[in-house]
Amino acid sequence: MRFSKLFIPTLREIPADAEAVSHILMLRAGYVRQLAAGLYIYLPLGWKVIGKINAILKEEMDRIGGQEISMPVLHPAEIWKQTGRWDAIGGEMFRLKDRSDRDLCLGMTHEEIMTWLASKEIRSYRDLPQVWYQIQTKLRDEARPKSGILRTREFIMKDSYSFDTTDEGLNTNYDLHAQAYHRIFGRCGLRFMQVESDTGMMGGAGAHEFMAPSPAGEDEVAICPACGYAANVELALSTPVGNAPADWAREEVHTPDKRTVQEVSHFLKVKPSYFIKSILVMAGPTPVLALVRGDQELHEKKLTKIIGPFRPAQKAEVKEILGVEAGFIGPMGQKVRIVGDACLKEGIYVSGANKPHYHLKGIAADRDFSAEWHDIHTARGGDVCPFCSGTLHVERVIEIGNIFKLGTKYSEPLGAVFLDENGNEKAIIMGSYGIGPARIAAAAIEQNNDKDGIIWPRSIAPFDVELIPLNMADPTTTATAEMLYQALAERGIEVLMDDRNERAGVKFKDADLIGIPTQVILGEKNLKEGLVEIKDRKTKETIKVKAEEVAEKIASLL
RNA sequence: CGGGGCGUAGCGCAGCCUGGCUAGCGCACCUGCCUUGGGAGCAGGGGGUCGGAGGUUCGAAUCCUCUCGCCCCGACCA
């Protein structure tokens, strides 16, 4: 393609509204424009990149037996009501009515519709397994769209769904998807990892997320370099580094007006890790006392899995239920349900004395109080891996894909059943698997850029080569450019030729910004000797090659 | 939804606090000349009514009220 004929509105300055590197660069390099919060227009270059990614997705999905279909974006409410999600999902679902006042919604995902199709068409175990996928627009009224293309209200997703007769079948399809995802992200040139993830409200037997490390990400994962354990911090297990043994005798200490761990720690000159933080929460009407070490944070999702949904208790409730004001509460002698973080089982600690302005030093689990022991703290870098005693580190990541074992969560309510070999009716066992192509693009930029712009991985770059004739007024330059343009095209190499009548500097700047991995530079002086330069966008390495050998040389590089 | 910030030309910004000539600057854009290895130079030119509505005032980009939009932090994220 010729630059002069392509709409590539590059920006010299950084748009004020952009923060994330990928966002800034996609705007500056003319890949996208924003229509409204969370709504983006893909310009020619941006759409080409998405097309490259989608092509890879299709190849790899087809390779594991996926069959591409296409489903409506507009859904009747009835199906979502049958699975309970019409009511379970809040403001995140776009809802509307048609002219006859029927409830409809815009699809945030397609479990319901895929399962509906299966319920209509699948009869026998002989019809299974099936893997159906689509690359389709999803709509979610996000509470907070952000980071450019990373979190939008309308986005494209590759979503696939597996239908099996047995758990073994599901496991097979699940593993196939995991393998396909590894190939996909690898081919897209990303640094990524597969981590254990929270099944959340999806329920079911297991889930993994695929994560691309980047400071622009919204999630954090805990990783053990020693044994390979990797999990979203939403569920990552860890053991905080233990305290040096303390040999305090049990004693009540006066701590006037010292309520927080910070204050008491400072006052008593005892490190926060020797404290037990007692947090009263209300699981519905039931009070529960959660205990975590003074230097740790309670992880609400972990606790939710144990006691169900809860909210923090109010100050008045603390006094009424525990008989002492917040700040001096401790686990001793309390009759409420107590859930303690497992690391508190060992060691001697300080906690509130259940008596205003007093703390109790020298208490130990089992001897002075008891609790149900669970991992309820938030994993942090430096914690010990619970599986191999290596040291965990925590990294910020972009979620680029996920895989879920759904089981029969959708097939049961929608009546997606089959008859097995013995004529017994059974619910289809399902899995669902998603990838966001736009997030792949954004993650690729986040991971591959420099001060001058984007550095695309070859596989998803909008073009393979950018031809840069520096002086369009020089006949030799333009003639050589045309010759090379043809020669490269004949070899199936996608070329962008910057045929604009711009000065050299402008062309160099734009080329670096746009990020096509290979540049071919035609300068007058080199051409006098019959030479052109091939420059690598990433390394900036330049080689001089005879003009007539360029096509061949580049073909060997790609 | 809670907290914070910002809306002035296509982009980036100044002016606002302390109302007052014709609303500025850089880049971009148009014309001509010139230039062609890292966002050139000279000359000339076009473009905004200050997010919107209402109010105060002799007078509002500037003060007040309401409203819309966008960004960031948090909550949420099936």
Side-chain angles (χ1 to χ4, degrees), chain A residues 9-20 23-24 27-30 33-40 80 83-93 105 107-112 138-148 150-153 155 157 159 197-204 207 209 216-219 232 234 300-301 309 311-312 399 402 404 406 409-410 432 434 436 451-453 468-478 498 500-514 519-528 531-533 535 540 542 544:
Chain A
T10 59
L11 265 26
R12 186 188 295 227
E13 296 190 80
I14 298 174
D17 281 347
E19 186 103 338
H23 189 197
I24 291 171
L27 287 169
R28 282 196 59 209
R33 285 295 183 261
Q34 183 179 35
L35 172 65
L39 298 175
Y40 281 81
W80 286 81
T83 61
R85 288 165 111 188
W86 178 264
D87 297 312
I89 297 173
E92 209 180 344
M93 181 186 273
C105 65
M108 340 195 343
T109 175
H110 280 77
E111 277 81 14
E112 273 77 2
K138 312 289 181 198
L139 292 118
R140 297 181 188 175
D141 194 358
E142 288 285 348
R144 180 146 105 84
K146 57 181 285 199
S147 304
L150 274 177
R151 193 167 197 79
T152 54
R153 295 192 292 176
F155 57 97
M157 188 160 123
D159 49 325
S197 73
D198 192 358
T199 50
M201 300 282 283
M202 285 277 223
E209 289 165 326
E218 300 181 274
D219 289 289
N232 195 311
E234 287 179 358
E300 295 186 6
K301 284 191 180 173
R311 61 171 175 84
E399 181 187 347
N402 55 46
F404 278 100
L406 298 176
K409 181 177 162 82
Y410 297 93
S432 85
K451 66 171 174 42
D452 295 314
I468 310 176
L470 294 181
N471 184 359
M472 296 300 289
D474 174 47
T476 313
T477 300
T478 52
D498 193 346
R500 295 175 302 170
N501 191 20
E502 289 284 358
R503 296 169 56 84
V506 173
K507 294 190 180 188
F508 284 133
K509 289 290 184 191
D510 275 346
D512 287 347
L513 187 58
I514 288 164
Q519 302 172 356
V520 175
I521 300 162
L522 311 192
E524 271 181 277
K525 285 185 199 112
N526 284 320
L527 280 175
K528 287 204 173 99
L531 298 174
V532 305
E533 290 168 77
K535 181 172 179 182
K540 313 248 185 209
T542 301
K544 290 187 187 180

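Letters A, B, ... mirror the listed sequences (proteins, then strands); counts begin at 1.
- Remark: the separation of the P atoms in B:C58 and B:G52 is 24 Å, to the nearest Å.
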Short N/O separations, protein against nucleotides 68-70 of chain B, under 3.5 angstrom:
| unit_1 | atom_1 | unit_2 | atom_2 | d |
| --- | --- | --- | --- | --- |
| B:C70 | OP1 | A:A37 | N | 2.8 |
| B:C70 | O2' | A:D17 | OD1 | 3.4 |
| B:C70 | O2' | A:D17 | OD2 | 2.8 |

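- Rounded to a whole Å, the CD atom of A:E19 is 16 Å from the P atom of B:G5.
- The partner of B:C66, taking Watson-Crick or G-U wobble pairs whose two distances both stay under 3.5 Å, is B:G52.
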Using atom types as modelled, flag every donor-acceptor pair under 3.5 Å from a side chain in residues 519-528 of chain A to any protein atom, sequence neighbours excluded.
| unit_1 | atom_1 | unit_2 | atom_2 | d |
| --- | --- | --- | --- | --- |
| A:Q519 | NE2 | A:D512 | OD1 | 2.8 |
| A:E524 | OE1 | A:N471 | ND2 | 3.0 |
| A:N526 | OD1 | A:K544 | NZ | 3.2 |
| A:N526 | ND2 | A:E533 | OE2 | 3.1 |

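- Nearest-nucleotide positions on RNA chain B place A:A20 closer to the 5' end than the other of A:A143 and A:A20.
- One can place CD1 of A:I89 at 5 Å from C1' of B:A78, the figure rounded to the nearest angstrom.
- Following rounding to the nearest Å, A:R144 (CZ) and B:G5 (C1') show an atom-to-atom distance of 12 Å.
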Return a single string for nucleotides 34-47 of chain B, one symbol per nucleotide in 5' to 3' order, where B is base contact, S is sugar-phosphate-only contact and - is none, cutoff 4.0 angstrom on heavy atoms. -BBBBBB-------
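- The same atom, P, is picked in B:U67 and in B:U22; the two are 34 Å apart, to the nearest Å.
- In this structure, the CZ atom of A:R33 is 14 Å from the P atom of B:G10, given to the nearest Å.
- To the nearest whole angstrom, the two C1' atoms, one in B:G54 and one in B:U18, are 25 Å apart.
- Atom C1' of B:A23 sits at a distance of 24 Å from the matching atom of B:C70, rounded to the whole Å.
- Between B:G12 and B:C71, the distance separating the two C1' atoms is 16 Å to the nearest Å.
- When the P atom is compared between B:C42 and B:C27, the two are found 9 Å apart, to the nearest whole Å.
- Computed from coordinates, the A:D159 CG to B:A78 P distance equals 15 Å when rounded to whole Å.
- When Watson-Crick and G-U wobble pairs are counted only if both distances are under 3.5 Å, B:C29 pairs with B:G45.
- Atom CG of A:L39 has more than 12 neighbouring heavy atoms from other residues, nucleotides or ligands inside a 6.0 Å radius.
- Taking atom CZ on A:R140 and atom P on B:C76, their separation rounds to 17 Å, with Å as the unit.
- A:R311 places its CZ atom 16 Å from the P atom of B:C76, with the value rounded to the nearest Å.
- Taking atom C1' in both B:U62 and B:G7, the straight-line distance is 15 Å, to the nearest Å.
- Comparing B:G41 with B:U57, their C1' atoms are spaced 49 Å from each other, to the whole Å.
- Rounded to a whole Å, the CD atom of A:E13 is 7 Å from the C1' atom of B:G26.
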